[in-house]
Amino acid sequence: MKIDRLMETLHILNELGETDRGIERVAYTYEEYIAKQYLMREGTLLGLETEIDAAGNVIIRLPGADDSLPPVIIGSHLDTIYQGGRYDGLLGVVAGFEIIRSIKEAEIRTQHPIELIGFTCEESSRFNFATLGSKVMMNKVDLATLENLQDRNGVSLREAVKEQGLELDQFPQADQSNRRVKAFYELHIEQGPKLIKENKQIGIVTGIAAPLRLAIHISGKSSHSGTTGMKNRRDALLAAAELSLAVEEASLLEDEYETVATVGVLDISPRAMNVVPGSASLKVDIRSIYADSRERVLERIKEKAEQIEKKRATPISMEIIQNDDPVMMDEDLAQAVAVTCEEVGVSYMFMASGAGHDAMNTASRWPATLIFVPSVDGLSHHPDEFTEEKDIEIGVTVLEMEVLKQAGGFVNN
């Protein structure tokens with residue numbers, strides 16, 4: 001593995017979509033398409049097998065000595081959010097490409113084939129739908145759902161993919177959910193501060209937290225702020241504020257499980273300075289890799305909502321709008337990564353991921369693991385997102401060793 005070349009590839013791809021607001025290589029745009037074409041061209045020049053599947057995922061393949069054996073796969077995503085950073089997703093793709101390129105150039109032929117997948121549309125930014133490419137590949141979404149997706153400019157997913165030479169109706173052809181795979185690896189920046197805080201070089205992810213999301217509506221009564229006495233008010237905003245604090249308190253009681261809860265949206269009506277708010281709507285996101293911990297947070301929120309409803313005479317309705325299952329990574333692969341870290345003298349820690357990744361979809365069908373490298377200041381989804389080159393080199397070195405171990409019995413030509 002050549003770190004200088006890896007960093008140069010990262011730079012070249014980040015020029016696609018670079019703006020003064022950050023990187024914007026958004027799903028199914030021209031910039032993402034050109035990034036795919038660049039990888040395809042470079043792979044072809046190396047004599048690798050290359051394709052873009054029916055959903056727009058890039059696949060680059062290094063055949064094995066026994067090409068009938070299940071492949072070892074490295075994967076992450078090429079797209080960014082609007083005003084995104086330089087490392088989220090792309091680092092894992094570039095790492096995988098550099099590993100395959102290095103193995104090819106060293107004239108090492110592994111027993112198992114090795115593949116790189118550059119997933120499309122991992123970010124929800126454009127179509128409000130995350131990990132689309134890997135969901136299609138794992139047969140976890142139907143065409144009816146995809147048919148209804150459109151971006152903030154009213155462009156439908158169908159229209160967007162057609163501009164890429166793809167047809168939405170053909171997306172099911174990308175299904176690889178029944179395929180035998182030896183191991184799937186995703187290398188990603190942590191997007192949080194734990195590794196740096198704990199002074200660790202590698203994070204080995206044990207599970208990916210999944211969201212339970214609530215839509216909460218509070219009905220108060222609008223009234224004049226100057227003529228309505230404080231004891232006679234049915235203030236929906238104060239009820240919402242009290243409930244928001246209860247969300248924080250409920251999650252803090254689950255701190256040992258690293259369960260988190262967030263009020264991400266709070267809207268009130270009528271939003272006038274001289275009117276007591278008559279209604280409030282909240283959107284709450286609860287995440288954990290432990291479903292029972294997440295449920296305890298939900299029950300505490302419900303209990304507090306009942307208390308607030310009685311105290312303030314503000315009826316509160318609550319609807320679960322999303323309830324995904326947490327995803328656990330393959331224990332054997334995680335332990336194998338730990339062994340490799342110890343062999344090369346790299347510090348590591350086992351940890352959960354609070355953010356979603358393509359690995360949570362591949363793990364539903366294939367043995368999968370997720371490896372983190374540090375993010376400076378825990379920053380991600382931001383133009384200032386940064387990971388030190390030395391940390392990248394350590395992460396890719398560990399990943400390369402794991403891939404070669406899993407690919408097995410390699411011989412020099």
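FYI, side chains are in, hydrogens and waters are out, and symmetry mates aren't considered; it's all heavy atoms of this structure.
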Quiz: residues 273-283 side-chain donor-acceptor pairs under 3.5 angstrom, not counting sequence neighbours:
unit_1 : atom_1 : unit_2 : atom_2 : d
S281   : OG     : H217   : ND1    : 3.1

*Could you check S375 against E190 for side-chain hydrogen bond (donor to acceptor under 3.5 Å, both in side chains), going step by step and ending with a plain yes or no?*
CA-CA 6 Å; S375 300; E190 182 198 346; 5.6 Å; no
*asked:* Closer than 4.0 angstrom, basic N to acidic O: yes or no for E299 and K302?
replied: yes
*Please identify each residue that fulfils ring-ring contact (aromatic ring centres under 6.0 Å, His included) with Y348, with sequence neighbours left out.*
F350
_Would you say T9 and R101 are linked by a side-chain donor-acceptor pair, where the criterion is simply a distance under 3.5 Å?_
yes
*Between CD1 of I392 and CG of L187, what distance do you get to the nearest 0.5 Å?*
8.5 Å
_Can you see whether S156 engages Q150 through a side-chain donor-acceptor pair at a distance of less than 3.5 angstrom?_
no
*Answer yes when E147 and R158 have at least one side-chain N-carboxylate O distance shorter than 4.0 Å, and no when they do not.*
yes
*Which residue pairs pass the ring-ring contact (aromatic ring centres under 6.0 Å, His included) test with at least one member in residues 263-295, sequence neighbours excluded?*
Y257-Y290
_Hydrogens and angles aside, do S293 and T259 bring a side-chain donor and acceptor to less than 3.5 Å of each other?_
yes
_Nearest heavy atoms of M138 and N361, plus distance in Å_ = CG-O, 3.4 Å
*Just one of V141, L149, N57 clears the side-chain contact (heavy atoms from CB on, under 4.5 Å) bar with L132, so which one?*
L149
For residues 79-88, dump all side-chain donor-acceptor pairs below 3.5 Å to protein atoms at least two apart in sequence or in another chain.
unit_1 : atom_1 : unit_2 : atom_2 : d
D79    : OD1    : H77    : ND1    : 3.2
D79    : OD1    : E122   : N      : 3.0
D79    : OD2    : E122   : N      : 3.1
D79    : OD2    : E123   : N      : 3.0
T80    : OG1    : I23    : O      : 3.3
T80    : OG1    : R25    : N      : 2.8
R86    : NH1    : E18    : OE2    : 3.2
D88    : OD1    : H77    : NE2    : 3.2
D88    : OD1    : H188   : NE2    : 2.8
D88    : OD2    : Q191   : NE2    : 3.4
D88    : OD2    : H381   : NE2    : 2.9

*Counting only N and O atoms by type, is there a donor-acceptor contact under 3.5 Å from the side chain of R109 to the main-chain atoms of G64?*
yes
Listing, residues 196-207 side-chain donor-acceptor contacts under 3.5 Å, not counting sequence neighbours, or none:
unit_1 : atom_1 : unit_2 : atom_2 : d
Q201   : OE1    : S347   : N      : 2.8
Q201   : OE1    : S347   : OG     : 3.1
T206   : OG1    : M351   : O      : 3.3

_Can a side-chain donor-acceptor contact be found between S244 and E248 if the only test is distance below 3.5 angstrom?_
no
*Is the NZ or CZ atom of K135 both under 6.0 Å from the centre of the six-membered ring of F129 and within 45° of that ring's axis?*
yes
*Using a strict cut-off of less than 4.0 Å between a Lys/Arg side-chain nitrogen and an Asp/Glu carboxylate oxygen, indicate whether R312 and E242 qualify as a salt bridge.*
yes
*Roughly how far, to the nearest 0.5 Å, is the NZ atom of K36 from the CD atom of Q164?*
5.0 Å
*Can you sort out the partners of Y33 under ring-ring contact (aromatic ring centres under 6.0 Å, His included), two or more places apart, ordered by chain and number?*
none
*Using a strict 4.0 Å threshold on nitrogen-to-oxygen distance, state whether D175 and R365 make a salt bridge.*
no
*Between D324 and R294, is a salt bridge (Lys or Arg N to Asp or Glu O under 4.0 Å) present by the stated rule, with each step listed?*
CA-CA 11 Å; D324 295 341; R294 200 177 59 175; over 6 Å; no
_Heavy-atom check, side chain of E402 versus side chain of V72, under 4.5 Å_ = no
